[in-house]
Amino acid sequence: MEMLLNASIPNVLPLPQFISINHNHARRRSLRCFGKNGESNGLSSGPFQMDHDDMEVHQNHSQSFNSKEEKQIDIWRLFKEAQQNILYLNKQRLMAMEELDRVKNERNSLLNKIEQLEAKKQGNTRRDKLATSSELLLRIDSMVLTGIIGGREASDFRKLVMDSRGGVADDFYDAIYKKDAELLAELHHFSVKGKKKGFHIVHICTEMEPVASVGFLASYVTGISRALQRKGNLVEVILPKYATLNLDEVQGFREVEAQFYSYFNGQLHENRIWTGVVHGIGVTFIQPVYYSSFFSRERVYGYSNDFERFTYFSRASLDYIVKSGKQPDVLHIHNWQTSIIGPLFWDVFVNQGLEGTRILLTCQGFDSQCLEQPEKLALCGLDPARLHRPDRLQDKDKAHLVNILKGGVVYSNKVIIMPSIELNDRIISRLAHGLEPTLNIHKDKLLIAPCGFDKSTWDPSLDKFLPQNYSADNVKGKSVCKASLQRHLDLPQQASKVLVGCICSDISDFDLENLKMLVWMASKRGVQFIFMGFSQSAGISTALEFFQEDVKDENMRFIDNYDEALSHLIFAGSDIMLCPSFDTPLLQVPLKALKYGTAPIAVRFADNRFRHFGDHDMEITEFSQFINKTFAKMSLSQAIEEIKNNPSEWNRRITDAMTKDFSWDAECSDRHHDAYASIKGL
């Protein structure tokens with residue numbers, strides 16, 4: 001039977017061999033002649049007539065023929081029945097195998113879902129503990145502002161919370177909802193159960209994901225804050241209270257019922273204070289009352305009075321820190337918008353209980369610096385004459401103006417340079433923008449740090465958006481994701497087809513003519529392309545439409561609107577991910593691609609984008625070292641050739657890349673922690 005089941009059945013079946021029968025004797029004719037008297041001579045040419053003997057012979061032959069014919073019909077019928085049975089059994093066998101595969105896939109999927117739920121449960125438990133600690137710290141701030149406790153007692157309570165994060169979460173999970181007096185009583189009776197060493201870091205910034213997201217700064221603040229807090233540091237964030245805040249993921253959002261004033265333009269002005277917890281990070285929102293129009297607008301940036309808006313916020317943030325009795329180890333400021341905190345801190349606030357605090361500035365590029373009239377510095381209480389000097393805030397090229405970002409560099413203890421959001425060709429010009437003399441003078445402060453990504457969201461072994469999860473140890477699920485992506489976008493489902501993805505914030509970031517040529521040549525070789533835009537700007541969509549018209553092909557698909565679930569599938573299902581460059585921080589495309597076993601290929605490669613800044617001996621990052629050794633100098637055509645002609649080497653590269661950790665929790669947080677440690681020792 002096994003041989004029958006596995007037998008190959010031809011399309012045309014051979015007919016059974018029938019016995020040949022000679023019918024000539026049954027067709028014999030006789031010739032009869034009649035005489036005059038009518039007697040016959042026994043012959044006839046008329047119709048056939050048989051005598052008795054002939055009739056008997058004929059009947060015997062007919063019976064024999066009919067019997068054999070019936071047997072042959074029976075054999076043919078049995079043969080067809082056997083054939084149909086074999087086909088039926090084969091069909092049943094295939095159906096059983098398909099059902100077995102389906103059950104196996106469902107079992108694997110169920111196991112993956114269980115693992116994801118367990119991981120999510122553990123993550124939620126950890127987030128709850130972090131959120132409890134952060135909310136407790138915000139309640140301490142509130143009690144200081146309302147005069148229930150003093151600054152010294154508040155400082156002791158904060159240290160208590162920092163030194164015993166886990167114990168606080170267990171003992172105060174319900175207490176944080178009690179009234180201030182009851183909470184204060186429990187704080188007094190709280191015993192320290194465990195101690196951890198860490199830094200108290202306060203970010204004063206203009207963006208945080210997902211509350212106020214415009215560019216890379218938002219994901220950076222959230223990502224690095226969560227990573228540092230997971231490693232035992234206490235991290236807080238102070239933001240303006242924009243009218244356009246996304247409060248969906250803010251836990252415990254509430255207004256502090258206390259009066260708080262800050263200095264601006266020669267007077268004290270009232271502010272409303274709001275607090276909440278975002279991904280376990282305590283966040284304070286400052287809302288001006290008199291200058292309410294500063295942050296009640298549709299956009300975060302792009303107004304003629306941006307200097308006044310963010311200078312007000314910077315001064316109010318420092319006033320709030322002093323008023324609430326905070327004594328952080330580090331004030332972490334960002335770009336020009338909060339760079340004024342540098343001179344403000346050292347000239348006005350350092351002697352107001354902040355003697356142990358230090359300043360760290362992060363720059364996502366030096367292209368935006370903010371040049372202003374010197375007299376405007378007086379708005380926040382600074383002395384223009386003291387600061388309008390070449391070694392302080394005076395601009396190099398426009399000496400009659402002050403350079404706010406330059407002031408941040410001069411007055412910070414450390415400057416971390418992140419990959420620039422502007423996609424220029426040469427790293428030196430991107431980092432300088434007229435600040436070369438200042439950066440040279442303060443070169444010992446400079447530190448290069450890579451960006452990162454959220455590995456709790458971007459991990460193919462746990463990704464909830466994928467039809468099948470996979471990892472560097474077992475990459476079978478990647479081919480399933482590729483087939484699913486092809487099917488979803490109605491592309492030919494062939495594993496041998498090279499699939500190239502591209503998720504970009506602005507198609508104009510690319511050298512479009514070069515990109516068109518690369519895409520056209522590759523598509524003629526059967527390479528499939530998927531382009532997805534990531535921008536709310538109508539101009540970006542229009543540019544993508546024009547590009548689509550120029551390179552339209554059956555092997556290409558264009559998605560105008562960003563789709564979170566589909567973006568995960570594109571990372572997982574693509575063989576190659578096109579990037580404008582390797583230091584595009586907004587979407588962290590190269591970093592995510594490596595994690596998902598997809599090769600990041602820059603359209604403009606080999607342009608020395610990872611060179612050191614000037615001649616300074618600045619250590620390059622692990623990411624730049626790895627990408628230089630693997631994909632930095634590889635063109636799209638070279639990548640396609642290696643996939644097709646040297647798959648073993650390609651798979652080795654990809655598997656090795658998947659084992660690397662370039663998330664916020666890895667090198668990025670380590671470099672920040674080292675920077676905090678170095679300035680605390682100053």
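Index from 1, following the sequence.
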task = Under the salt bridge (charged side-chain N to carboxylate O under 4.0 Å, His left out) rule, collect the residues that match up with Lys326, sequence neighbours excluded.
result = Asp141, Glu236

Audit row: Gln287, Asn271, side chain to side chain donor-acceptor pair (under 3.5 Å) steps and yes/no = CA-CA 5 Å; Gln287 180 182 11; Asn271 301 276; over 6 Å; no

Side chains of His334 and Thr206, donor plus acceptor under 3.5 Å = no

message = Is there a salt bridge (charged side-chain N to carboxylate O under 4.0 Å, His left out) between Lys231 and Asp665? Walk through the geometry before answering.
response = CA-CA 9 Å; Lys231 294 186 176 182; Asp665 297 79; over 6 Å; no

task = Could you point out which residue of Glu207, Gln337, Arg309 forms a side chain to side chain donor-acceptor pair (under 3.5 Å) with Tyr301?
result = Glu207

task = List the atom of Phe260, the atom of Ala316, and the distance in Å for their closest heavy-atom pair.
result = CZ-O, 3.4 Å

key: Closest heavy-atom pair and its distance - Met208, Val283   = SD-CG2, 3.7 Å

query = Looking at His673 versus Phe199, is the centre-to-centre ring distance below 6.0 Å?
reply = yes

key: Over all atoms of both residues, closest heavy-atom pair of Ser219 and Gln588   = OG-NE2, 3.3 Å

task = May I ask you to check whether Phe453 and Trp664 place their ring centres under 6.0 Å from each other?
result = no

task = Fit a plane to each ring of Phe310 and Phe295, take the angle between them on a 0 to 90° scale, and name the class: parallel (under 30°), tilted (30 to 60°) or perpendicular (over 60°).
result = tilted

key: Least distance between heavy atoms, Ser412 atom then Ile333 atom   = OG-CD1, 4.0 Å

inquiry  = Are there over 12 heavy-atom neighbours, none belonging to Lys445, within less than 6.0 Å of that residue's NZ?
reply    = yes

message = Would you call the rings of Phe264 and Tyr312 parallel, tilted or perpendicular, taking 30° and 60° as the class edges?
response = perpendicular

remark   = For Cys363 and Leu405, the nearest pair of non-hydrogen atoms, with its separation, is SG-CD1, 3.8 Å

note = When every non-hydrogen atom of Cys205 is compared with those of Val237, the smallest separation belongs to SG-CG1, 3.7 Å

